[in-house]
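Please read the structure below before turning to the comments.
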Protein chains: 2
Amino acid sequence: MVYPPPHTSAATCTTAMRSVRDALDLLGGKWKLPIILGLSEGPKRFKQLQRDVTGITAKMLSKELKELEMNGLLTRHVQADTVPVAVTYTLAPYGTTLYPVIGALHNWGQLHRHRIMHTGEDGHPAPSVPEAAAVPNVA
Amino acid sequence: MVYPPPHTSAATCTTAMRSVRDALDLLGGKWKLPIILGLSEGPKRFKQLQRDVTGITAKMLSKELKELEMNGLLTRHVQADTVPVAVTYTLAPYGTTLYPVIGALHNWGQLHRHRIMHTGEDGHPAPSVPEAAAVPNVA
DNA sequence: CTGTATCCATGGAGATACTG
DNA sequence: CAGTATCTCCATGGATACAG
């Protein structure tokens with residue numbers, strides 16, 4: 001066992017399930033987490049963000065940013081006195097609470113990539129799973 | 001700042017982005033993580049799993065289980081000598097490496113639920129975010 | 001630059017019925 | 001029980017053109 005399960009009883013599991021589903025509802029989809037990750041580098045403008053989040057279209061970026069802003073994960077600032085107008089998106093403090101999630105995903109993504117390399121895309125892998133990178137605590 | 005960002009430079013961010021996208025490709029969608037979570041309680045049969053993963057249809061469950069098995073996250077065992085046949089799904093060791101991911105999502109989901117309670121579904125919340133539950137390290 | 005509007009293709013996903 | 005087969009609807013999301 002690499003990690004103790006997040007629960008111990010069926011009742012706890014139900015609770016865990018709800019929380020995970022809640023998180024997934026907000027963060028699900030292809031783009032939400034990559035956008036957050038892009039903004040974790042610092043405030044960015046629309047075009048900059050579109051360059052950094054590879055493959056996203058303006059329509060999607062616009063829509064996702066709107067949702068993320070509504071959920072308080074980022075803030076939108078318009079510099080109207082310039083031409084053309086500049087719009088800057090900044091990760092809100094609440095958005096930074098997602099770092100543990102992104103960190104965990106990042107670590108697992110690397111682990112998985114490493115595993116793929118050694119098994120050729122699928123199948124039952126090396127018996128011993130390499131130690132995942134540390135996921136520091138928030139406390 | 002609640003947590004140090006998973007990177008420090010643009011180059012690091014690109015790498016992080018790739019890993020996160022890799023993870024999302026495998027774990028994305030409504031059901032994969034909830035299924036893993038359900039199986040973290042222990043081996044389960046098809047029907048049992050469908051009961052525990054609230055809302056999933058047999059078709060979806062079947063499809064998702066097939067994908068998760070192909071990726072080595074769980075194993076399928078058929079007890080053919082019984083009638084009716086019993087099929088059991090078990091979380092593979094590799095599947096347990098997802099606990100940190102699920103743990104992070106679970107903690108954040110709880111944090112978010114707590115936040116919702118205090119702000120009435122949206123908007124800019126209490127200035128100080130409540131401390132998230134600990135995300136224990138894998139080490 | 002920062003988007004929005006429109007059109008359109010794909011596939012995610014539910015309902016239902018059916019098989020071994 | 002443990003699925004598969006169809007049918008269908010609708011959200012996701014790309015391409016393109018347009019607007020402030």
Side-chain angles (χ1 to χ4, degrees), chain A residues 17 20-21 23-39 41-71 73-91, chain B residues 17 20-21 23-39 41-71 73-91:
Chain A
M17 192 85 77
V20 170
R21 293 293 297 273
L24 254 27
D25 282 347
L26 259 101
L27 307 172
K30 265 165 89 173
W31 304 116
K32 297 251 168 52
L33 262 346
I35 289 171
I36 302 275
L37 182 56
L39 280 181
E41 279 187 286
K44 284 182 187 172
R45 298 174 56 174
F46 188 88
K47 201 70 180 182
Q48 176 72 37
L49 215 35
Q50 191 178 357
R51 268 191 302 271
D52 293 347
V53 180
T54 318
I56 197 171
T57 61
K59 188 180 76 172
M60 275 302 112
L61 182 55
S62 175
K63 202 190 63 173
E64 302 285 69
L65 285 172
K66 222 173 286 178
E67 293 178 22
L68 291 172
E69 189 193 3
M70 286 204 340
N71 286 314
L73 297 175
L74 56 82
T75 57
R76 193 181 113 114
H77 180 72
V78 182
Q79 191 82 0
D81 60 346
T82 67
V83 50
V85 293
V87 180
T88 306
Y89 294 89
T90 306
L91 203 58
Chain B
M17 191 86 75
V20 170
R21 294 294 295 276
L24 254 27
D25 282 347
L26 259 102
L27 309 172
K30 266 166 91 173
W31 305 116
K32 298 249 168 54
L33 263 347
I35 289 172
I36 301 275
L37 182 56
L39 281 181
E41 278 187 288
K44 285 181 185 171
R45 298 175 57 175
F46 188 88
K47 202 69 180 182
Q48 176 71 38
L49 215 36
Q50 192 179 357
R51 269 191 301 271
D52 293 349
V53 180
T54 318
I56 198 170
T57 61
K59 188 181 74 171
M60 276 302 112
L61 182 55
S62 175
K63 202 190 63 174
E64 302 286 68
L65 285 173
K66 224 173 285 180
E67 293 178 23
L68 291 172
E69 188 192 3
M70 287 205 338
N71 285 313
L73 297 174
L74 56 82
T75 58
R76 193 182 113 114
H77 181 73
V78 182
Q79 191 83 0
D81 60 345
T82 68
V83 51
V85 294
V87 180
T88 306
Y89 294 89
T90 307
L91 204 57

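These numbers come from the heavy atoms of this one structure, side chains and all, not from hydrogens, waters or symmetry mates. All chains are named by letter (A, B, ...) in the order of the sequence lines, taking the proteins before the strands, and each is independently numbered beginning at 1.
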Supply the atom-to-atom distance B/Lys44 NZ to B/Leu49 CG, rounded to the nearest 0.5 angstrom.
6.0 Å
Does a distance-only test, which skips hydrogens and angles, find a donor-acceptor pair under 3.5 Å between the side chain of B/Lys59 and the base of C/dG14?
yes
Residue [X], side-chain atoms from C-beta onward, closest of [options]:
{"X": "A/Lys47", "options": "C/dC1, D/dC1, D/dG3", "answer": "C/dC1"}
{"X": "A/Ser62", "options": "D/dG3, C/dT4, C/dT2", "answer": "C/dT4"}
{"X": "A/Lys66", "options": "C/dT4, D/dT4, D/dG14", "answer": "C/dT4"}
{"X": "A/Trp31", "options": "D/dG13, C/dG14, D/dA2", "answer": "D/dG13"}
{"X": "B/Met60", "options": "D/dG3, C/dA13, D/dG13", "answer": "C/dA13"}

Whole-Å distance between [N] [atom2] and [X] [atom1]?
{"X": "A/Arg76", "N": "C/dC1", "atom1": "CZ", "atom2": "P", "value": "16 Å"}
{"X": "A/Tyr89", "N": "C/dC1", "atom1": "OH", "atom2": "C1'", "value": "11 Å"}
{"X": "A/Leu61", "N": "D/dT12", "atom1": "CG", "atom2": "P", "value": "16 Å"}
{"X": "A/Gln79", "N": "C/dT2", "atom1": "CD", "atom2": "P", "value": "12 Å"}

Are B/Ile35 and B/Tyr89 packed together at the side-chain level, in the sense that at least one heavy-atom pair is separated by less than 4.5 angstrom?
no
5'-most contact on DNA chain C: B/Thr57 or A/Ala86, nearest heavy atom basis?
A/Ala86
Please figure out whether A/Glu64 or A/Val85 has its closest DNA chain D nucleotide nearer the 5' end.
A/Glu64
Closer to the 5' end of DNA chain D via nearest nucleotide, is it A/Lys30 or A/Pro84?
A/Lys30
Please give me the minimum heavy-atom distance between B/Val53 and B/Pro34, naming the atom from each residue.
CG2-O, 3.9 Å
Closest contact, heavy atoms only, B/Leu68 versus B/Lys32:
CD2-CD, 3.5 Å
